[in-house]
Amino acid sequence: MSTTEKKRASRKKKDPDAPKRSLSAYMFFANENRDIVRAENPGISFGQVGKLLGEKWKAMSSEDKTPYETKAEADKKRYEKEKAEYAKKNSA
DNA sequence: CATGTGATTGTTTCC
DNA sequence: GGAAACAATCACATG
């Protein structure tokens, strides 16, 4: 059972405040790719873009996606803060 | 202490 | 507005 399956199978709520998580390197990468991919593939369908995106994502060199991971790191800290308040008010 | 678990994040296009 | 492909994540909770 891969967690991946469950994710798609069902995603229910959890905490009342749900400090959410942080973004993923993919999110930052996609931000740039959405411009590029769609720009290079004018008029392609969702199924193609979505897939094409992922393929290229990994296609890049680890160092190339580094800038995205870097952002992911910063975003993570953002979540840390959210959780901090959430936990705080929760404790209270 | 070690493990996995689940929830989440954002994009694209489409009706 | 929601749905799936695409990937990462990773802090949280638990035994």
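Every chain is numbered from 1 and lettered A, B, ... according to where its sequence line falls, protein lines coming before strand lines.
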- Item | Ion pair check, E69(A) and K65(A), cut-off under 4.0 Å | yes
- Let me know the distance between CH2 of W57(A) and C1' of dC6(C), rounded to the nearest Å. 11 Å
- Item | Whole angstrom value for the distance that separates P of dC6(C) from CG of N41(A) | 15 Å
- Shortest non-hydrogen contact from M27(A) toward N31(A): O-ND2, 2.5 Å
- Query: Between R34(A) (CZ) and dC6(C) (C1'), how many Å, whole number?
  - Reply: 16 Å
- Task: Mind checking L52(A) for me? I need base, sugar-phosphate or nothing, with any heavy atom below 4.0 Å counting as a touch.
- Result: nothing
- For F28(A) and dT9(B), what is the distance between atoms CZ and C1' respectively, to the nearest whole Å? 8 Å
- Query: Expressed in angstrom and rounded to an integer, what is the separation of K56(A) atom NZ from dT12(B) atom P?
  - Reply: 15 Å
- Distance-minimising heavy-atom pair for Y26(A) and G54(A): OH-N, 3.3 Å
- Query: Just how far, in rounded Å, is P of dA7(B) from OH of Y86(A)?
  - Reply: 13 Å
- Item | Nearest-nucleotide comparison on DNA chain C, the residue closer to the 5′ end among K51(A) and S22(A) | K51(A)
- Item | Below 4.0 Å: OP1/OP2 of dA7(C) and any side-chain N or O of K58(A) | yes
- note: K65(A), atom NZ; dA8(C), atom C1'; distance rounded to Å ~ 7 Å
- Task: Taking all non-hydrogen atoms of both residues into account, name the closest pair between A72(A) and A25(A) and its distance.
- Result: CB-N, 3.8 Å
- For the side chain of R21(A) and the base of dT9(C), is some donor closer than 3.5 Å to an acceptor across the two? yes
- Query: What's the CD-C1' distance between E69(A) and dC10(C), to the nearest Å?
  - Reply: 14 Å
- Query: More 5' along DNA chain B: D75(A) or G43(A), using each one's nearest nucleotide?
  - Reply: D75(A)
